[in-house]
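Here is the structure we will look at, set down as structure tokens.
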Amino acid sequence: MRTKHPLIKKNDKVTVLTGKEKGKIGNVLKVDAEKGRAIVEKVNMVKRHTRPGGKTAQGGIVEKEAPIHLSNLMLVCNKCAEPSRIGKRTLEDKSKVRYCKKCGQLLDA
Ligand SMILES: [Zn+2]
């Protein structure tokens, strides 16, 4: 099955469109294309309780990024520094690149 939002990739800069994290910008740490979700650095943090023992000697609360649905994310163009509509273009060597529809900046260069 093809994902509806294949344009967001690891290491992209994205902004959140909806929810309590709206407007936050972060780098994509991981994309789960199958579930259509991504982990964005320092965005959508959730507190998790850990039990004493194991790797951490003390139990406590750790903060961790929770996945965000890709439809709630939008790529931020490095040139305009704003959320932009992204297009796809095929280069002469047949490689596909993403570009900003606003300023034309190639995002995979
Ligand atoms: Zn742009």
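When a ligand or atom number is given, it counts from 1 through the structure's own listing order. Counting from 1, the numbers follow the sequence of the chain as shown.
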Practice item. Indicate yes or no for a side-chain donor-acceptor contact from D108 to the backbone of R98 under 3.5 Å, with no hydrogens or angles considered. Key: yes
**Request:** Check for a donor-acceptor pair, side chain of T15 on one end and backbone N or O of P83 on the other, with a separation under 3.5 Å.
**Result:** no
Sequence neighbours excluded, the answer for side-chain hydrogen bond (donor to acceptor under 3.5 Å, both in side chains) partners of S95 is D93
Those residues at least two apart in sequence (or on a different chain) that pass side-chain hydrogen bond (donor to acceptor under 3.5 Å, both in side chains) with K24 are E21
The reported gap from CG in L75 to CD1 in I86 (rounded to nearest 0.5 angstrom) is 4.5 Å
Salt bridge (charged side-chain N to carboxylate O under 4.0 Å, His left out) pairs touching residues 75-86, sequence neighbours excluded, are E82-K102
Near the Zn ion (ligand 1) (protein N/O/S, cut-off 2.8 Å, waters excluded) we have C77 SG, C80 SG, C100 SG, C103 SG
